[in-house]
2 protein chains.
Amino acid sequence: MATGRTHRPATRSRGIPEATVARLPLYLRALTALSERSVPTVSSEELAAAAGVNSAKLRKDFSYLGSYGTRGVGYDVEYLVYQISRELGLTQDWPVVIVGIGNLGAALANYGGFASRGFRIAALIDADPAMAGKPVAGIPVQHTDDLEKIIKGNGVSIGVIATPAGAAQQVCDRLVGAGVTSILNFAPTVLSVPDGVDVRKVDLSIELQILAFHEQRKAGEEALPDGLPASAAAARESTDKGPDGDVPAVMPA
Amino acid sequence: MATGRTHRPATRSRGIPEATVARLPLYLRALTALSERSVPTVSSEELAAAAGVNSAKLRKDFSYLGSYGTRGVGYDVEYLVYQISRELGLTQDWPVVIVGIGNLGAALANYGGFASRGFRIAALIDADPAMAGKPVAGIPVQHTDDLEKIIKGNGVSIGVIATPAGAAQQVCDRLVGAGVTSILNFAPTVLSVPDGVDVRKVDLSIELQILAFHEQRKAGEEALPDGLPASAAAARESTDKGPDGDVPAVMPA
DNA sequence: CCATCTTTGTGCACGCGTTCACAAAGACAT
DNA sequence: ATGTCTTTGTGAACGCGTGCACAAAGATGG
Ligand SMILES: NC(=O)c1ccc[n+]([C@@H]2O[C@H](COP(=O)([O-])OP(=O)(O)OC[C@H]3O[C@@H](n4cnc5c(N)ncnc54)[C@H](O)[C@@H]3O)[C@@H](O)[C@H]2O)c1
Ligand SMILES: NC(=O)c1ccc[n+]([C@@H]2O[C@H](COP(=O)([O-])OP(=O)(O)OC[C@H]3O[C@@H](n4cnc5c(N)ncnc54)[C@H](O)[C@@H]3O)[C@@H](O)[C@H]2O)c1
């Protein structure tokens with residue numbers, strides 16, 4: 001930027017690192033809050049604190065967007081909100097279908113946080129004939145038979161799977177067949193999809209198991225620091241702040 | 001192993017990489033399925049396919065557990081199930097409390113997948129007086145006033161937060177104050193906790209936004225490959241299989 | 001007991017992501 | 001204008017995670 005040349009690695013003309021993409025929504029949320037309080041500018045330090053990340057990381061992330069901060073001042077809140085929204089594709093809104101309207105699917109349907117962020121529930125789909133026509137969150141549930149028609153008719157490219165694990169792959173195949181190219185999967189199964197289709201999964205059990213692992217470790221450690229002096233048990237705390245350096249749990253599949 | 005000395009980096013006597021820990025539940029699930037089908041052994045290749053990972057990665061992961069595979073044969077399913085369960089701390093069962101029994105909290109309470117994996121819902125807690133006493137999933141909801149008593153009385157160390165974002169930090173503080181050291185947060189907020197407390201968050205909106213980002217990119221790319229020859233658009237598909245190399249979205253905070 | 005064949009366990013190299021640390025950019029006051 | 005002070009943008013080093021590729025282990029059959 002300063003030097004004004006050979007910015008991007010050249011081999012990756014438009015490539016924003018995945019780790020950065022995953023943090024953009026975090027920044028956007030913090031920025032939106034600031035925007036609502038009519039804060040005009042923020043420093044990387046402040047914003048980083050609000051988003052819960054390192055300020056250097058944040059600055060580097062923004063630099064991939066070709067960021068426009070002002071040295072000595074910080075970033076213009078409104079401008080950044082716009083830039084990040086655009087980068088994430090939130091300036092258009094995305095029709096989403098939820099398949100499997102049980103406990104979880106219904107909760108998702110009732111969740112208000114979608115619309116506020118550029119997503120619109122285009123349809124709710126379930127295999128249970130008894131549910132067909134019944135409104136959930138004001139939207140009538142449609143039967144799986146019409147899945148393809150619904151997807152194509154609404155130009156849906158993002159699908160959410162909240163069916164039992166056993167049905168997930170089959171539902172996935174139908175969604176993909178109908179034109180869906182991004183899937184958010186809540187069922188505890190590994191989905192296989194053709195190239196070009198993105199799958200992210202959210203897995204409750206995995207999250208809890210990871211917590212249990214660290215929990216067990218904490219319990220075991222105070223008993224015997226495993227070759228380390230007793231003081232190390234306390235010292236460890238600082239290193240251990242994220243018991244997990246990072247690591248998915250929700251990840252592509 | 002083969003050489004039989006200087007295994008662990010020595011500086012990390014008992015350290016299993018976080019990335020590995022995050023995959024253990026995946027392996028465990030695949031192994032459990034095999035176990036139910038009474039399959040006695042699996043090769044790293046087969047198991048890796050079932051878990052959706054690279055076989056070399058899986059072998060390396062197991063090597064951290066001091067794995068006991070048999071060359072030329074594979075791994076003993078039952079034995080591995082036990083080893084991984086023990087490593088994850090699932091041989092004991094963990095009492096969990098869910099705070100905020102709304103749409104999502106109720107869905108979680110009704111979810112059967114907890115008990116089957118070593119977790120037990122010890123209590124449901126909500127601030128709404130109208131909900132107190134009402135059973136959800138067969139468990140009577142208790143009022144927030146008794147939060148500390150409930151946590152301490154049941155020796156709960158894992159808490160799930162499913163309250164509105166505005167209440168999350170406050171609930172978190174009370175949980176931590178009462179002795180909870182692991183938190184799974186569904187509210188879209190950055191929680192701050194003292195050292196030694198683990199927080200993992202599950203954030204729906206972030207997941208969708210990441211999908212939207214890639215979706216937008218796909219749409220834009222077929223129009224103009226951005227300086228690359230047209231063939232690159234197709235070639236990219238293979239590189240792009242995981243649109244995201246990996247990257248959280250559910251992560252510590 | 002030996003040969004062959006399968007599959008593990010891991011050394012190694014590579015690439016991504018994180019973090020430090022600082023030069024330069026610019027605001028602001030004098 | 002000029003100097004000071006704040007904060008960005010990034011070069012560079014480092015560490016973690018991934019995947020290749022292969023030697024060694026051991027099963028299996030003759
Ligand atoms: N409820 C939770 O908190 C929770 C937590 C983690 C994971 N999950 C997972 O999410 C999924 C849904 O959980 P749930 O509690 O809502 O289950 P549920 O049984 O309440 O709901 C499943 C719904 O899917 C429908 N369905 C079944 N087969 C279908 C098909 N082929 N096509 C379309 N719809 C179909 C059923 O009719 C039902 O309405 C499960 O895979 C579960 O493991 C749920
Ligand atoms: N429903 C979803 O699918 C979904 C998806 C993503 C994120 N979330 C997030 O999960 C959280 C819960 O969502 P929801 O749809 O269940 O909301 P909800 O409004 O249906 O439920 C919230 C519950 O929390 C209770 N509550 C409020 N303040 C409390 C406090 N201080 N202590 C204890 N309980 C308190 C309320 O009484 C209510 O029962 C929200 O933060 C939401 O953003 C929900």
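In the text below, chain A, chain B and the rest are named by the order of the sequence lines, each starting its count at 1. Because the structure is a prediction, the values reported are computed rather than measured.
- When rounded to the nearest whole Å, the span between CG of A:Asp76 and C1' of D:dT8 equals 15 Å.
- Residue pairs meeting the salt bridge (Lys or Arg N to Asp or Glu O under 4.0 Å) criterion with at least one member in residues 26-52 of chain B, sequence neighbours excluded: A:Asp203-B:Arg29.
- Of the side-chain N and O atoms in A:Tyr68, none sit less than 4.0 angstrom from OP1 or OP2 of C:dA25.
- Nearest-nucleotide positions on DNA chain C for A:Lys57 and B:Val73 put B:Val73 closer to the 5' end.
- Rounded to a whole Å, the CD atom of B:Glu46 is 14 Å from the C1' atom of C:dT8.
- Across the interface with DNA chain D, nearest-nucleotide mapping of A:Lys60 and B:Lys60 shows A:Lys60 to be the residue nearer the 5′ end.
- For A:Glu18, the side-chain atoms get nearest to C:dG17 when compared with the rest of C:dG17, D:dG17, C:dA21.
- The CG atom of A:Leu58 sits 14 Å away from the P atom of D:dT7 (whole-angstrom rounding).
- As judged by a 4.0 angstrom heavy-atom cut-off over every strand, A:Phe62 is placed among residues making no nucleic acid contact.
- Ring centroids of B:Tyr68 and B:Tyr75 are separated by 6.0 Å or more, keeping the two rings apart.
- Closest to the B:Ser43 side chain, of the nucleotides C:dT8, D:dG9, C:dC20, is C:dT8.
- A side-chain donor-acceptor contact under 3.5 Å links B:Lys218 to the backbone of A:Thr181.
- Side-chain N/O atoms of A:Arg71 and base N/O atoms of D:dT7 include no donor-acceptor pair closer than 3.5 Å.
- Partner B:Leu184 forms a side chain to side chain contact (heavy atoms under 4.5 Å, CB included) with one of B:Leu108, B:Val160, B:Asp198, B:Ile161 and no other, that one being B:Val160.
- C:dG9 atom C1' lies 7 Å from atom OH of B:Tyr75, rounded to whole Å.
- Phosphate contact (OP1/OP2 of C:dC20, side-chain N/O of A:Asn54, threshold under 4.0 Å): present.
- Here the side chains of A:Asp61 and A:Tyr27 are in contact, with some heavy-atom distance below 4.5 Å.
- Nearest-nucleotide positions on DNA chain C for A:Arg59 and A:Thr70 put A:Arg59 closer to the 5' end.
- For C:dT8, the OP1/OP2 oxygens have a side-chain nitrogen or oxygen of B:Ser44 closer than 4.0 Å.
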